[in-house]
Amino acid sequence: MSSTRRLRFFMSAPSCAPRMSSDQRKAFPFSEFEPKWQAEWEAKQAFRTPNPGDSDFDATKPKYFVLDMFPYPSGAGLHVGHPEGYTATDIIGRYKKMTGHNVLHPMGWDAFGLPAEQYAIKTGQHPRVTTEQNIEGFRGQLKRLGFAYDWSREVNTTDPGYFKWTQWIFTKLYNSYVNEAGKAAPISELEAQGLSRAEIDARRLAYVSEAPVNWCPGLGTVLANEEVVDGKSEVGGFPVERRPMRQWMLRITAFAQRLIDELDGLDWPESIRLLQRNWIGRSEGAEVKFSLADSDHTITVFTTRPDTMFGATYMVIAPEHPLVDSITTAEQKAEVEAYQKSVASKSDLERTELAKDKTGVFTGGFAINPVNDEKIPVWIADYVMMGYGTGAIMAVPAHDERDWEFATKFHLPIREVVAAAPKLDGDGGSVCEMEPAACFANEGYAVNSGFLNGMATQGAKKKMATWLEEKGLGKGTVNFKLRDWLFSRQRYWGEPFPIVWEDGQHRSIPETELPLLPPTLEDFKPTGTPLPPLSKAPDWVQYSETATRELNTMPQWAGSCWYYLRYCDAQNSERFVGEAAEKYWMGGGKPGGVDLYVGGTEHAVLHLLYARFWHKVLFDLGYVSTPEPFQKLVNQGLIMGEDGQKMSKSRGNVVNPDDVVKEYGADSLRLYEMFMGPLEQVKPWSMKGVEGVYRFLARVWRLVMEQNAEGEWSVSAALQDVPADKQVTKVLHETIKKCGEDIEKLSFNTAIAQMMVCTNAFTAAAVKPASAIATFLKVLGPFAPHLAEELKSRIASKFPALAVKGFLSDESWPEYDPAALIEDEVEIVFQVNGKLRDKARVAIQASKEEIEKIALASPRVQEFMEGKPIKKLIVVPGKLVNIVV
RNA sequence: GCCGGAGUGGCGGAAUUGGUAGACGCGCCAGACUUAGGAUCUGGUUGGGUAACUAGUGCAGGUUCGAGUCCUGUCUCCGGCACCA
């Protein structure tokens, strides 16, 4: 109840704001009725959502699962960006409820992870304490905005009752592999096939790898590729270096193709789907074996242009390539080792910065180009990366920008094998020694290419692939940019791995031992070395006499990978989510389970990719009913400062939502954020704009209420139980129609504009029709729930006949009467030569001929026709007449 | 460089299938009520012109009876990716 206490404090505290210094000056008493209704809704559990199996569950209603990206409860509290998406989903949720849906609209906290831990370290408090405080603050702020969340379903990723199941899902990943059909399946199948321990470990979806990883000394942990931006950590901006470490990885690459393909069935913005596709980075090509001139080894390269093989004049392998040592000749050894060393010491940032200038060293070795048996030199260079393809390329400088640059710098031969136009002189087969003047990386026609000569690139690719396959020299392959997900962190504030080590081997702990709590540590700071902080609790580490626990923790993303599932059945202690609840809320016959997911673009390739991956594993294993988690995704646009710049403390342009609520009320904040512009768009804040919607709400208030000389409010005498006139009725029904349609389209700004039009029509009427206004309040309710609820109860107090039991949100969305929308007359525009010259009101049923006649009779039209003959006459019924002379 | 999105009054933004450009709000101007107005109400508000009229949706063309909307070219801004062979 601390939130209520805080509200009382706001109400009684003397305000230092210059504009409104007391409640008397407020245009309407929002600071009285907003907390009142919030308390009322909470007390009566107005937004509790029954689950299948509950006594008050109505199975005949369709479901609607509307989800917000749950926040990190940071110490800074809510910023104005949060309520933007949250208000949008709240409006949708309330509307869907009124239109007869069972609505699931929950909220929770993504409380593990680096930001929370960095904050705890900064303030010197245990992350458990700061996290609890921050959650408390966030919850209070959200409650003061009147969101219709079912708080009984609140989740907290740091709650043992929650992360028990995060750990449980990890053990599922650990004990699964991807079978021939490309689906996750239990590892026991491999055991049954009699595979060795090593073979099984090599196929787990969660596996241990000793590879170069992104180590961030500043944060004292390793990071996923996705968390490294320009060689710096996404959190904190500390430099990141590559170093080999033993880490836990998740085999997301096994799902790369499905993660691309199954985007197709989703209602996501095209830009986000593209972002994911590009991140996964599928490319089709071929692997080709090159034998070495002076050894038995072969080097396999990956190329997307097998058609250019005749133009491969040298080879480049990554400095870390395992065959570097055996290729390098004695003379080149010193130079090669020096280069390897210099590359290894470079951070990713330096490597990116130095990307403009190509570097590399000749190994002294040669490979044989299998298409023409030419000896080509093998170089090492850092522009070839060990992590992609095979870590080796055949360089075709004439047709690849990077190879061109490298060859030009080191004076390597350049041979043209693709021409923009086919060479038809029949001499395309002879090798032209003239080097081309520029790199040509496009598709074209093969030249100087033996059996490919004259062929278009597409055909030449296929022919070469077949040729290679027949000779046993290579095969068509697909490569992805996506790497496996580095899943372990050397931090305290995360889920401990449910893994123990014994005799150098790992195994998962039994489900009965979950949740595995982290040790209670006084000193939870990073050790400054790759040794995780959990090592500071020796008692905890010692699992048995011979076994020790895994010391790493999971990354922040773990908890957010499945929280939407937990909402379906948040209290379940037997299962991560009950079967019936999962089937109901996540079902619905579409690929994705959540009907609408609203959040920022910053998660386009992180959270949204990881969650899809986990969901697919759970789907394959039979734990969830859909292949995808989120059917429809909408990204809200960033809210900028009044100066049009990104909000930041250093710029001093940050708007605190608490201040806005205090001065103008929660409804004003909600309404303003929706009125600013289209949800997806980036838009600047404007305090004047807030005042604008505040004035609108005040006008709605005064439609119903009037103030006496003492400043007391009572129901206005102008409000009477009379039917609305035809004009007002028309506007009202237009508003019902348009607002319903606009909510479905998420066009809240235009819906609000229409409500303003409607309010203006009511204001203009001398007598205010009570029942029409009561109907209007139902439309306003999802947007400004406090005001609508208050006015509903005020109207009911004066007109008992209009009283309806329960809350506004329990009522049905009003239906509009199509007959009320039709006018007897429409305005027809008369154009001469496409220019507007006159208009007239014409009966709706008027025929084309009648309209035509009226138009031609218009003196203004005649004037502009200047007596010229009519060339053409276009009549668009209900719209216009255009006379061409 | 590549990919994606967007350019409309002083500002945020409206405008089904091509059919009255500028809804709604902000700001501004004038008036009313007022001791007062930074409250409220009424009216006005794209530019030029007293006016009739005319120009006008980044720019240049095109299609059409008619283009913010369709086509071609071009410029600018925002977001993302960036040695991925």
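Values reported hereafter were calculated over all heavy atoms of this structure, with side chains retained and with hydrogens, waters and symmetry mates removed. Per chain, numbering begins at 1; letters A, B, ... match sequence-line order.
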Open item on the list: For A:Ile883 and A:Ser686, find the nucleotide of RNA chain B closest to each by heavy atoms; which residue's nucleotide sits nearer the 5' end?
Closed with: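 In this pair, the answer is A:Ser686.
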Under 4.0 angstrom between [X] side-chain N/O and [N] OP1 or OP2:
{"X": "A:Asn760", "N": "B:G25", "answer": "yes"}
{"X": "A:Tyr388", "N": "B:A85", "answer": "yes"}
{"X": "A:Arg277", "N": "B:G4", "answer": "no"}
{"X": "A:Arg860", "N": "B:C53", "answer": "yes"}
{"X": "A:Thr601", "N": "B:G80", "answer": "no"}
{"X": "A:Arg695", "N": "B:G27", "answer": "yes"}
{"X": "A:Lys688", "N": "B:C26", "answer": "no"}

Task: A:Phe864 six-ring face occupied by A:Arg837 cation (under 6.0 Å, within 45°) - done: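 The answer is yes, since A:Arg837 meets both limits relative to A:Phe864.
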TODO: Find out whether the Lys NZ or Arg CZ of A:Lys358 is both under 6.0 angstrom from the six-membered ring centre of A:Phe406 and within 45° of the ring's axis.
DONE: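 Because its charged atom misses either the 6.0 Å distance or the 45° angle limit, A:Lys358 does not stack over A:Phe406.
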TODO: Mind checking A:Lys839 for me? I need base, sugar-phosphate or nothing, with any heavy atom below 4.0 Å counting as a touch.
DONE: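 A:Lys839: base contact, heavy atoms under 4.0 Å.
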Open item on the list: Syn or anti for B:G9? Use the chi torsion, O4'-C1'-N9-C4 for purines and O4'-C1'-N1-C2 for pyrimidines, with syn inside 90° of 0.
Closed with: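 Syn, which is what one calls it when the glycosidic angle falls within 90° of 0.
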Task: No-hydrogen, no-angle side-chain donor-acceptor test under 3.5 Å, A:Gln754 and A:Thr735 - done: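 A pair is found: one side chain offers a donor N or O, the other an acceptor, under 3.5 Å apart.
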- [ ] Assert yes or no for the condition that the ring centre distance of A:Phe28 to A:Trp713 is strictly below 6.0 Å.
- [x]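 So the answer is no for these two rings.
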Open item on the list: Please report whether the ring centroid of A:Phe696 lies less than 6.0 Å from that of A:Phe675.
Closed with: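 No, the ring centres sit 6.0 Å or more apart.
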Task: For atom CD of A:Gln831 and atom P of B:A21, their distance in whole Å - done: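 Distance, rounded to whole Å: 7 Å.
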Task: Nucleotide B:C41, atom P - distance to CZ of A:Phe696 in whole Å - done: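 My rounded result for the distance is 13 Å.
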TODO: Side-chain contact test, heavy atoms from C-beta onward, threshold under 4.5 Å: evaluate it for A:Thr750 versus A:Lys738 and give yes or no.
DONE: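 Counting from C-beta outward, A:Thr750 and A:Lys738 do come under 4.5 Å.
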Open item on the list: As a check on the pairing definition, encode RNA chain B in dot-bracket form, counting Watson-Crick and G-U wobble pairs whose two distances are under 3.5 Å, and using | for partners outside this strand.
Closed with: (((((((..(((......[....)))((((((.......))))))(((....)))..(((((..]....))))))))))))....
For nucleotides 9-14 of chain B, print each protein N/O atom paired with a nucleotide N/O atom at under 3.5 Å, atom names and distance only.
residue : atom : partner  : partner atom : Å
B:G12   : O2'  : A:Met676 : O            : 2.6
B:G13   : OP1  : A:Gln681 : NE2          : 2.5
B:G13   : O5'  : A:Gln681 : NE2          : 3.4
B:G13   : O3'  : A:Asn749 : ND2          : 3.4
B:A14   : OP1  : A:Asn749 : ND2          : 3.2

